[in-house]
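When a residue number appears, it is its place in the shown sequence, counting from 1. One-based numbering, in listed order, for ligands and for the atoms of each.
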Amino acid sequence: MLLPRPDSFVRGDGALALTERTGIVAPAELMPTAAWLQGALRPATGLPLATGVIDETGGTIELSLDRALGAEAYRLSVHPTAVRIAGGDPAGVFYGCQSLLQLLPSEIFRRATVPGVEWSIPAVTLRDSPRFTWRGVMLDVARHFLPKHDVLRFIDLMAMHKLNVLHVHLTDDQGWRIEIRAYPRLTEISSWRKESQVGAGAERPGDGRPHGGFYTQDDIREIVAYAAERHITVVPEIEMPGHVQAVLAAYPEFGVTGKPIDVGTRWGIIDDVANAEDRTVQFFCDVLDEVAGLFPSRFVHVGGDECPREQWTADPRTQELMRERGIERESDVQTWFMARIGEHLSRLGKRMMGWDEILEGTIPAGSVVSSWRGLQGAITAARKGYDVVSCPTDYAYLDFRQSDGPDEPIPVAIPLTLERAYEFEPVPAELSPEQATHVLGGQANIWTEHMDSARVVDFFAFPRLCAVAEVLWTIGERNFPEFADRLTEHLKRLDAVGVEYRHLSGPEPWQTRPGIPGRPTSMDDWQRLTAELVAGIRDE
Ligand code: ACM
């Protein structure tokens with residue numbers, strides 16, 4: 001019934017019906033959760049569901065803390081006269097409330113009164129706690145800007161699935177999406193591009209239509225606070241030293257050639273990268289100062305992936321800097337760069353996060369690795385004592401095509417079916433139990449080169465994100481047919497919310513993109529390519 005599946009679920013006798021007299025009570029420290037639950041239950045039921053501090057009103061839905069349960073864990077019991085939700089902490093209580101919603105008819109997720117529904121909750125006793133502390137999603141708002149409203153909606157969808165980390169990819173070659181007061185040209189220039197490539201592959205044309213957008217610092221504060229109310233941490237990502245074409249459009253002096261350049265309009269890996277001047281490192285440190293002030297997250301992601309080194313090799317000034325600093329190889333220019341950024345983040349009290357390429361050099365103690373090119377990054381990082389978040393392309397990249405059928409829109413890479421997403425295992429079998437403690441969890445990555453609106457994000461994210469959420473939350477055996485049964489129920493909830501997920505039967509006609517080629521790959525080719533890519537971080 002519930003998704004993600006709870007630890008234990010025992011049906012009792014009878015049911016409880018929400019009525020005009022139902023109230024929600026909680027101790028003072030849980031009043032925000034009580035208010036959230038009231039806000040979630042009111043629109044569809046039309047019931048007042050008064051809230052009160054515990055012991056004063058004696059309501060029907062009782063929220064409480066029981067620290068012995070542990071972080072994020074909860075116990076939920078429904079009797080014919082009362083609902084009791086006890087959490088190990090406020091997050092646990094919140095997850096109990098999410099489960100309570102799923103025990104109600106799916107119409108509870110509608111936002112206006114639904115007449116004729118009996119708001120009845122079956123008697124159950126439920127115990128639940130998550131498998132991982134990092135249950136994440138990366139949302140690429142750089143390739144296609146996602147308006148604030150859609151980000152807030154996405155946060156609600158994450159909360160509904162008990163996901164707790166939103167990694168926002170705020171900057172890339174094709175756009176910069178966050179206001180930085182010290183560098184106004186980042187929003188005047190870098191936040192929009194002249195057009196967007198349509199489809200995958202070098203020969204694909206542009207659409208001739210400008211695209212852009214950015215979040216003001218007030219928007220960011222709102223997103224962070226909205227997420228925090230739902231026990232979601234927002235982890236910002238500022239890319240460097242590659243994927244910076246949009247920066248160079250505004251500030252060409254931070255590039256190797258220094259030449260004027262437009263914000264990127266083509267997808268792929270771009271040769272133009274940051275130079276290794278102290279002033280350029282200072283630019284990124286200045287940006288991170290503002291970012292650190294906006295995002296309370298302990299983790300700040302600084303990219304580090306896919307940085308070509310050809311410009312550094314060809315550039316006499318970079319070669320001179322390398323000699324001055326005793327750097328022999330171009331790969332160590334990136335190591336030098338990331339080390340300085342890492343030191344700065346440490347001074348700010350933050351932990352540096354980077355894509356698994358950062359393992360090619362030495363990285364500061366306490367850094368966290370996002371293992372994306374398969375799980376080699378997770379293996380190497382954990383063996384070296386670094387924490388890691390697993391997000392391997394072949395299980396967790398939700399921009400990949402959802403089947404090998406001909407109707408999948410702009411099909412890229414391998415077929416990453418719902419069933420395959422459900423098989424995602426964040427902890428590599430190669431790790432010892434002690435090494436495995438470095439795997440904080442996992443996340444799905446949603447790259448948006450080919451997702452130009454929230455509708456398309458819905459299509460790619462769901463229902464595969466439901467599978468990933470269960471992988472990251474649920475402890476114990478996995479059984480796909482059993483999951484698929486629960487998903488059938490769960491899709492009714494997504495229908496009520498208004499999520500345009502991919503139906504199990506395939507894309508609806510309006511979800512296809514006839515005539516626009518993607519770049520599909522076979523599984524064998526994908527695995528061979530990945531193995532080649534990670535040769536530089538494999539253990540000796
Ligand atoms: C990545 O997919 N370039 C991290």
Point to revise | Phe154 and Phe462 aromatic ring geometry - parallel, tilted or perpendicular at 30°/60° bounds | key: tilted
Practice item. Report the nearest protein non-hydrogen atom to atom 3 (N) of ligand 1: residue, atom name, distance rounded to 0.1 Å. Key: Asp305 OD2, 2.6 Å
Check your understanding: Any salt bridge between Glu430 and Arg383, counting N to O under 4.0 Å?
Key -> no
Check your understanding: Salt bridge or not for Glu179 and Arg181, using N-O below 4.0 Å?
Key -> yes
Check your understanding: Taking distance alone, with no angle check, do His243 and ligand 1 share an N/O pair under 3.5 Å?
Key -> no
Exercise for review: Tell me which protein heavy atom sits closest to atom 2 (O) of ligand 1, plus the residue, atom name and distance to 0.1 Å.
Suggested key: Tyr397 OH, 2.6 Å
**Study point:** Atoms of ligand 1 close to Glu306 [distance to a heavy atom under 4.0 angstrom, numbered from 1]
**Key:** 3 (N)
Point to revise | Trp447 neighbourhood, listing ligand 1 atoms whose heavy-atom distance to it stays under 4.0 Å | key: 1 (C), 2 (O), 4 (C)
Check your understanding: Where do Ser390 and Pro426 come nearest, in terms of heavy atoms and distance?
Key -> OG-O, 2.7 Å
Point to revise | Cation-pi geometry met for Arg230 and Tyr226 (6.0 Å, 45°) | key: yes
